[in-house]
Colleague: 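Before anything else, here's the structure in question.
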Amino acid sequence: MGAPEAGALTEAFETERRGLFAHAYRMLGAYHEAEDVVQDTYVRALRGWGTFERRSSVRTWLYRIATNVCLNVIEGRGRRALSSGLGPDDLGPWLEPFPMDPADLVTARESVRLAFVVGLQHLAPRQRAVLLLREVLAFSAAETGEALGMSVPAVKSALQRARARLAEAAPARDEVLDASSPRARELLARYMAAWEASDADAFREVLRADASIVPVGSPVSYAGREACLAFATPAMRDAGDWRMVATEANGQPAAVAWFRGVRFGVAVLTVAEDGIVAITLFENPQVAESFAPEPAPPPWRSSTSLATIRYRQITER
């Protein structure tokens with residue numbers, strides 16, 4: 001490949017990089033694996049550029065490569081799951097939240113919302129790929145079939161099955177608030193204040209009666225306000241043990257957490273007007289560092305209440 005050709009490919013790849021990354025994340029549900037897929041896609045594109053016959057656009061070709069790299073990753077995961085005894089509906093420990101770029105116009109919040117991404121993981125890999133190529137990336141049935149080595153009728157059949165399965169696996173999203181909404185920001189502020197103050201009553205006030213807590217990678221989850229409180233109250237420990245910083249993940253409000261100065265993980269909140277619907281916990285320091293590379297905030301030394309401080313921090317942005 002000559003320099004002009006390499007330059008043209010690199011330019012096309014950089015234009016699509018963020019979209020490819022979001023696509024790989026939807027396919028895999030894992031931020032760090034998606035990064036690896038994007039790099040592998042570029043390497044494979046460089047190697048295959050000389051044989052690219054331009055029967056499709058460069059964009060379509062790049063997504064074809066990325067999708068098939070993802071399918072290889074999922075196949076490898078399946079072997080690991082079988083060896084570790086994970087069931088077919090177990091998301092496994094690889095699920096990670098997706099940091100949002102405020103300037104990002106490529107990645108629609110709805111397409112990476114956590115409930116949607118989790119629902120995708122319950123689809124068969126090729127069904128997942130078909131649904132994303134057709135309904136998120138707006139590929140034609142013919143383009144999708146070419147990318148996956150499937151006939152157009154097979155693509156249409158897989159899409160129907162994927163839609164039906166996703167409707168069962170993913171909850172309705174109509175009531176979920178975007179991270180930028182004032183109510184979502186208020187609930188996040190109150191959530192963080194409750195944990196920093198070790199205030200179980202304040203935490204109760206922001207939970208809906210049907211709220212749930214899902215620790216990723218754990219076989220146990222907690223459904224209902226009382227079950228959530230029974231899990232969370234002992235973990236709150238003493239006031240000041242927890243420090244939190246507001247962020248956004250998957251288009252949803254989230255908090256990066258440190259426990260006694262040690263990076264702990266990320267809590268992604270699913271919120272509605274009447275309170276917190278779900279808390280997805282990622283107890284993973286590496287994931288937390290992706291959202292907040294700086295050290296833990298210092299302890300508060302102020303007569304102003306933590307709730308007031310956090311509410312001002314969030315709502316005045």
Colleague: Quick one, Leu269 and Gln252 - any side-chain contact, counting heavy atoms below 4.5 Å?
Modeller: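 Sidechains of Gln252 and Leu269: no contact.
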Colleague: For Val43 and Arg47, what are the C-alpha separation, side-chain angles and deciding distance, and is it a side-chain contact (heavy atoms from CB on, under 4.5 Å)?
Modeller: CA-CA 6 Å; Val43 171; Arg47 291 173 179 169; 3.6 Å; yes
Colleague: Hey, are Thr60 and Arg64 close enough side-chain-wise for a donor-acceptor pair under 3.5 Å?
Modeller: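 Note: Arg64 and Thr60 side chains miss the donor-acceptor criterion.
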Colleague: Compare all side-chain heavy atoms of Arg163 with those of Gln127 and state whether any distance is below 4.5 angstrom.
Modeller: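 No; the side chains remain at least 4.5 Å from each other.
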Colleague: Measuring only between side-chain heavy atoms, which start at C-beta, is Val268 closer than 4.5 Å to Phe282?
Modeller: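 Sidechains of Phe282 and Val268: in contact.
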Colleague: Tell me, yes or no, whether the heavy-atom count around Glu283 atom CD, taken from other residues, nucleotides or ligands under 6.0 Å, exceeds 12.
Modeller: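 Check fails, neighbour count at 12 or below.
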Colleague: When you measure from the side chain of Tyr25 to the backbone of Glu96, do you find a donor-acceptor pair of N or O atoms at a distance under 3.5 Å?
Modeller: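 Checking the backbone N and O of Glu96 against the side chain of Tyr25, a donor-acceptor pair under 3.5 Å is found.
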Colleague: Is a side-chain N or O of Arg128 found less than 3.5 angstrom from the main chain of Met27, in a donor-acceptor match?
Modeller: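 Side chain of Arg128 to backbone of Met27, a donor-acceptor pair under 3.5 Å: yes, one is there.
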Colleague: I want to check something: taking the side chain as every heavy atom from C-beta on, are Met150 and Val130 in contact at a cut-off of under 4.5 Å?
Modeller: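 Side-chain contact under 4.5 Å: yes.
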Colleague: Taking only residues two or more places apart in sequence or in another chain, which ones pass salt bridge (charged side-chain N to carboxylate O under 4.0 Å, His left out) with Arg225?
Modeller: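 Counting only residues at least two positions away or on another chain, Arg225 forms no salt bridge (charged side-chain N to carboxylate O under 4.0 Å, His left out).
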Colleague: List the steps, then state whether side-chain contact (heavy atoms from CB on, under 4.5 Å) holds for Glu146 with Trp61.
Modeller: CA-CA 10 Å; Glu146 182 180 355; Trp61 181 60; over 6 Å; no
Colleague: Could you check whether any side-chain heavy atom of Leu148 comes within less than 4.5 Å of a side-chain heavy atom of Leu71, counting everything from C-beta outward?
Modeller: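 Yes, side chains in contact.
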Colleague: For Leu28 and Ile74: C-alpha separation, side-chain torsions, deciding distance, then whether side-chain contact (heavy atoms from CB on, under 4.5 Å) applies.
Modeller: CA-CA 7 Å; Leu28 301 173; Ile74 295 168; 3.6 Å; yes
Colleague: Just by modelled atom types, is the Val38 backbone N or O under 3.5 Å from a matching donor or acceptor in the Arg17 side chain?
Modeller: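 No, the answer is negative, given that no donor and acceptor are paired below the 3.5 Å cut-off.
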Colleague: Taking only residues two or more places apart in sequence or in another chain, which ones pass side chain to side chain contact (heavy atoms under 4.5 Å, CB included) with Ala278?
Modeller: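 With neighbours one apart ignored, the set is Ser212, Thr270.
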Colleague: Would a 4.5 Å heavy-atom cut-off, applied to side chains only, mark Val155 and Phe139 as touching?
Modeller: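 No - every pair of side-chain heavy atoms lies 4.5 Å or more apart.
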Colleague: Kindly work out whether a path of hydrophobic side-chain contacts (I/L/V/M/F/W/Y, heavy atoms less than 4.5 Å apart) joins Leu187 to Val277.
Modeller: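 Leu187 does not cluster with Val277.
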Colleague: What about Phe259 and Trp242, are their ring centers closer than 6.0 Å?
Modeller: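 Yes, ring centres under 6.0 Å apart.
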Colleague: Which residues pass the salt bridge (charged side-chain N to carboxylate O under 4.0 Å, His left out) test with Asp36, sequence neighbours left out?
Modeller: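 Here no residue qualifies.
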Colleague: For a 4.5 angstrom cut-off between non-hydrogen side-chain atoms, does Leu177 reach Glu273?
Modeller: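 In short, these two side chains touch, coming nearer than 4.5 Å.
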Colleague: Taking the six-membered ring for Trp, are Phe21 and Phe98 closer than 6.0 Å centroid to centroid?
Modeller: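 Yes, close enough.
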Colleague: For Ser180, does its backbone N or O pair with a side-chain atom of Asp178 as donor and acceptor, under 3.5 Å?
Modeller: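 Side chain of Asp178 to backbone of Ser180, a donor-acceptor pair under 3.5 Å: yes, one is there.
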Colleague: Can you tell if the side chain of Phe13 reaches within under 4.5 Å of the side chain of Leu20, non-hydrogen atoms only?
Modeller: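 Of all side-chain heavy-atom pairs linking Leu20 with Phe13, at least one is under 4.5 Å.
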Colleague: When you look at Leu207 and Ile279, which way does the side-chain contact (heavy atoms from CB on, under 4.5 Å) test go after all the steps?
Modeller: CA-CA 10 Å; Leu207 295 175; Ile279 302 167; 4.1 Å; yes
